[in-house]
Amino acid sequence: MGTQLQAEIPKVYSPHTIESRWARDWLEHKLYRASNDSVRPRFALAIPPPNITGSLHMGHMLEHTEIDILMRWHRMRGENVLWLPGTDHASIATQMIVERELGREALPQLEGRPEANGLWQREGQRLRLEMGPEKFIERCWTWKEANGDRIRRQMERLGASVDWSRQRFTMDPAYSRAVVEAFVRLYEQGLIYRGKYIINWCPRCGTAVSDLEVVHDTRPSHLWYIRYPFEDGSGHVTVATTRPETMLGDTAVAVNPADDRYSGAVGRRVVLPLLGRLIPVVADAAVDPEFGTGAVKVTPAHDANDYAIAERHGLPRIQVIDEQARMTPEAGPYKGLDRYKAREAVVQDLADQGLLEKTENYELSVGTCQRCRTVVEPLLSAQWFLKIAPLAEPAIRAVKDERIRITPDNYRKIYLDWMENIHDWCVSRQLWWGHRIPAWYCDDCGEVIVARDAPAECPKCKGARLRPESDVLDTWFSSALWPFATLGWPEKTDDLKRFYPNNLMIMGFDILFFWGARMIMMGLKFMDDVPFRELYIHALVRDAERQKMSKTKGNVLDPLEVTEKYGTDAVRFALAISAAPGTDIAFSEEKVEAYRAFANKIWNAGRFFLMTLQRLHDSAKGKLAAAFEPTPGLGFNAAAAPESLALADRWIFTRLLAVTREINEALAEYRFHEAAFTIYHFFWHEFCDWYVEWLKPEITRPVDGLRTPPAWINLTRAFEASLHLLHPFMPFITEELWHQLPRSGRDRSLSLTAFSLISERVADPVSENQFKLIQDLVVAVRNAKSEMGLQTQKPSAQIACEDLRIIELFRLHQESILRLAGLEALNFTQQSFSADTGGVRPVGAGVYLRLFHHQKLDTEAERVRLERDKGKIEHQMIQMEAQLKNEAFRSRAPQEVVRATEQRHAQLSEQHGKLIESLRRLASGA
Ligand SMILES: [Zn+2]
Ligand SMILES: [Zn+2]
């Protein structure tokens, strides 16, 4: 808008109007597209890609707020910033949703019934098998086109400063090529193998799931003691088991070799009850003599430990449970029964035959499918595995050498512990939606071919009967490539050169192993460098009582609803000021409301500023604004020599310098809460409460002539600098106000304006000390007036101070002090007050204050008032002391709350001292 001032700034702050307007503007002008220049330092981060099935929740809101703050901050420091957005195809989640949709279309009559979802799911699964992979995958794409960009639209509305031109989807053709390339290379290097091993199988989802996708639940169950008779009829061995139905697949009984109780049994054979098979008793050091009777059954096809024992002793593996969790023909008479039905029948039959010795209650830890919570079945299954040890080793070293810094620090150890005990990764899934494993089986000679493109014939027997693998890859396999596949790998693109490694990754702890660790391994493998230099693990957002937000508890806050109600800026600020590293966030609407009040404060300050400027402008008949054109020597950037500025200007500039440094340091360490608190305190309690108040007479005075008063120039600079500092936290309101400022029209957006206004030359400790002396005096007068019940009056004050320079300072600024403190007159003395002078108050720095008032006080009423205030304060202090002594409070409450409580306690304690002093003075008649 150049030199024109806008006619009117709305009285009421209406975030909704402002935010949707700017969000659209930023999007339309492609403001956050990373540049191709290589001159400026770059700062890159790839978003943790939300699932296409997802909708924005509070966890995203926190994550995106933290990322956006840092991206805007770096951008305003003149860096070439890339925040790369995208989504994940979410193999299993998408497949389940599409299945349910199919079921729903087929059975619309179930709508509204509580069991509908389960039935739709089952029907959908049946329909999927009926329609076959090709049609089903087509259906998934249709679903994705229609629903997959919900989070994108939500992020657009929230103004996330991402580069939409570089958006990626994990199943884009180019990305899929990268996935195939990575798989083939790993296979060629012998790091991917196919084999039959015990894996976790979800019978409901019909797929293998990795260890990480298994959630452990504790459930009340039993320990069954079963007798296995010796073949010669001379007694029996009793084994204890939590899964009696699997005994049908036993191929041995095992004991610990050091267990004397069984030394005579090892090497003999027992009869497997119910089936009558003869099986050996073996000795294996893996058997825990403390568990049950010390003798255990060995079921190699249904237990990973038993599988290992069977390997060592050359035992057969008999599968008695199938992929639908039903008993196989190997289970003899139990064939076809569901696993739990089979359990009942087995236990009953054992009891009938007198082979069930006893049953004990037992707390059982069961593994369930993360996706559907069905109990997973350990099954022997042919799957594809990634050999992890050769990949883990460099990934451990990268973190130990601090080529990747993990914050908060405690996650470093958690990461290293996990990586040092990591197992091979089962990467195949029996699903249809996802990246199909690039393998083919030759039906003529049995050869397995892994290739980038479909082979025309078998390289071994030249046969043409090739069957493609139907399994797809674990979704996390493709997302492990995210930091480089999004930049065009395996091509050697400019983006890859420019933005890899990323500078930073921000994620929640829940995906550190699923994703974080795997990106580090893959990055080192394929790019020979870490995927990012820093990894910041953000906290969880909990409710006000620090309970986890969950639908069943009904305490979920929908970020979009809260945003709609209070504005994005308020929600962002409330999150940022709560986001101390390593501490979960207690979040509530009340908190957002509080920072909505802060946004109002900013709005009102901006409005006052602009309206006053408008009046000034009018009084100068429209010619004044020209004076705001950049003028060398007057601007903040130019940093006029401090001596030529007024004290308040020198003070606000030196404060701005200090605050900028504090914010920079805090953000560099991810202390979002401190950075937010610093700018909040500065803007409200220094800029508004002191600086603007100090300048009020000067800026509200009509001007004569066309010279802009210097106060205006400096105020404009300071206000603009405040908007700069606030912008990363509250991008919308700051953008709106900034565009209304004079001489801002040159730039497209505040967010692209390099923040370089702080020059070392404005550091000015002298002005800071001087201003502080005046502030202390004004506050002391205000307190004294309030304690004496003189708030509405204008008493006179006498100041005693031996330091002539301080007296001179007060004299020089007498007018401001009288106005801000609400005094009639001030007089000064270098003499100290004599010991018997009543009503003397220390101000600090050797300054003493005494108030004179004309009215005679009603002593008794005053005493009652002081006693009442004292009582109130004592009550509050007792409560706070109890809280501060409470270890649980100190350890669990966020640091900011504990700190605020301590500060408040110190304030109260000071007030309490003053009240006692006042009561003493009142009693002595002073
Ligand atoms: Zn499942
Ligand atoms: Zn062949």
Side-chain angles (χ1 to χ4, degrees), residues 51 53-54 88-103 115-129 136 140 187 194 198-217 219 302 321-326 338-340 365-379 381-383 425-434 437-451 453-477 510-511 514:
N51 287 349
T53 53
D88 192 288
H89 65 282
S91 196
I92 195 164
T94 308
Q95 180 156 333
M96 278 179 80
I97 283 190
V98 174
E99 279 175 1
R100 205 151 54 225
E101 213 178 66
L102 287 171
E115 72 279 22
N117 270 340
L119 294 173
W120 285 334
Q121 193 77 59
R122 206 172 318 155
E123 176 64 8
Q125 202 169 4
R126 198 188 62 76
L127 289 167
R128 163 170 71 88
L129 294 168
F136 181 78
C140 290
Y187 181 81
R194 187 174 155 79
I198 295 274
I199 47 93
N200 308 295
W201 181 268
C202 174
R204 211 244 30 101
C205 298
T207 179
V209 291
S210 72
D211 288 348
L212 271 175
E213 290 163 302
V214 174
V215 181
H216 290 274
D217 274 352
R219 297 187 183 172
H302 297 286
I321 301 176
D322 72 9
E323 295 174 347
Q324 280 83 44
R326 282 187 310 247
D338 166 80
R339 56 184 165 173
Y340 296 115
S365 166
V366 292
T368 63
C369 169
Q370 184 197 39
R371 196 48 58 186
C372 72
R373 287 305 166 108
T374 303
V375 174
V376 296
E377 189 61 48
L379 275 193
S381 173
Q383 301 285 347
W425 175 14
C426 172
V427 293
S428 45
R429 294 291 180 273
Q430 288 62 51
L431 301 167
W432 291 354
W433 172 246
I437 290 179
W440 289 262
Y441 302 98
C442 173
D443 280 343
D444 293 326
C445 72
E447 177 76 352
V448 178
I449 306 138
V450 168
D453 302 298
E457 53 170 35
C458 170
K460 198 169 163 196
C461 73
K462 307 293 173 203
R465 296 202 303 141
L466 296 176
R467 196 166 29 86
E469 170 65 277
S470 57
D471 289 359
V472 300
L473 283 164
D474 181 1
T475 301
W476 297 105
F477 183 90
D510 56 337
I511 54 172
F514 276 115

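FYI, side chains are in, hydrogens and waters are out, and symmetry mates aren't considered; it's all heavy atoms of this structure. If you read the sequence from its start, that first residue is 1, and numbering goes on from there. Everything numeric here is computed off the predicted structure, so don't read it as measured data. Order of appearance sets the numbers: ligands from 1, and atoms from 1 within every ligand.
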Original post:
Looking at W440, is R467 sitting on its ring face, NZ or CZ under 6.0 Å from the six-membered ring centre and within 45 degrees of the normal?
Top reply: no
Original post:
Does CZ in R194 sit with more than 12 non-hydrogen atoms of other residues, nucleotides or ligands closer than 6.0 Å?
Top reply: yes
Subject >> Given Q121, Q95, E123, the one that forms side-chain hydrogen bond (donor to acceptor under 3.5 Å, both in side chains) with R100 >> reply: Q121
Original post:
Who are the side-chain contact (heavy atoms from CB on, under 4.5 Å) partners of E447, not counting sequence neighbours?
Top reply: C442, C445, I449, C458, K460
Subject >> Residues R371, E213: salt bridge by 4.0 Å N-O rule >> reply: no
Original post:
Which residues and atoms, protein N, O or S only, are under 2.8 Å from the Zn ion (ligand 1)?
Top reply: C202 SG, C205 SG, C369 SG, C372 SG
Subject >> Any residue meeting ring-ring contact (aromatic ring centres under 6.0 Å, His included) with F514, in chain and number order, not counting sequence neighbours >> reply: W476
Original post:
Is the shortest side-chain N to carboxylate O distance from D444 to R465 below 4.0 Å?
Top reply: yes
Subject >> Close side-chain approach of H89 to T94, heavy-atom, < 4.5 Å >> reply: no
**OP:** Go around the Zn ion (ligand 2) and count every protein N, O or S atom nearer than 2.8 Å.
**Re:** 4
Original post:
So, do C426 and S210 sit near enough that their side-chain heavy atoms are less than 4.5 Å apart?
Top reply: no
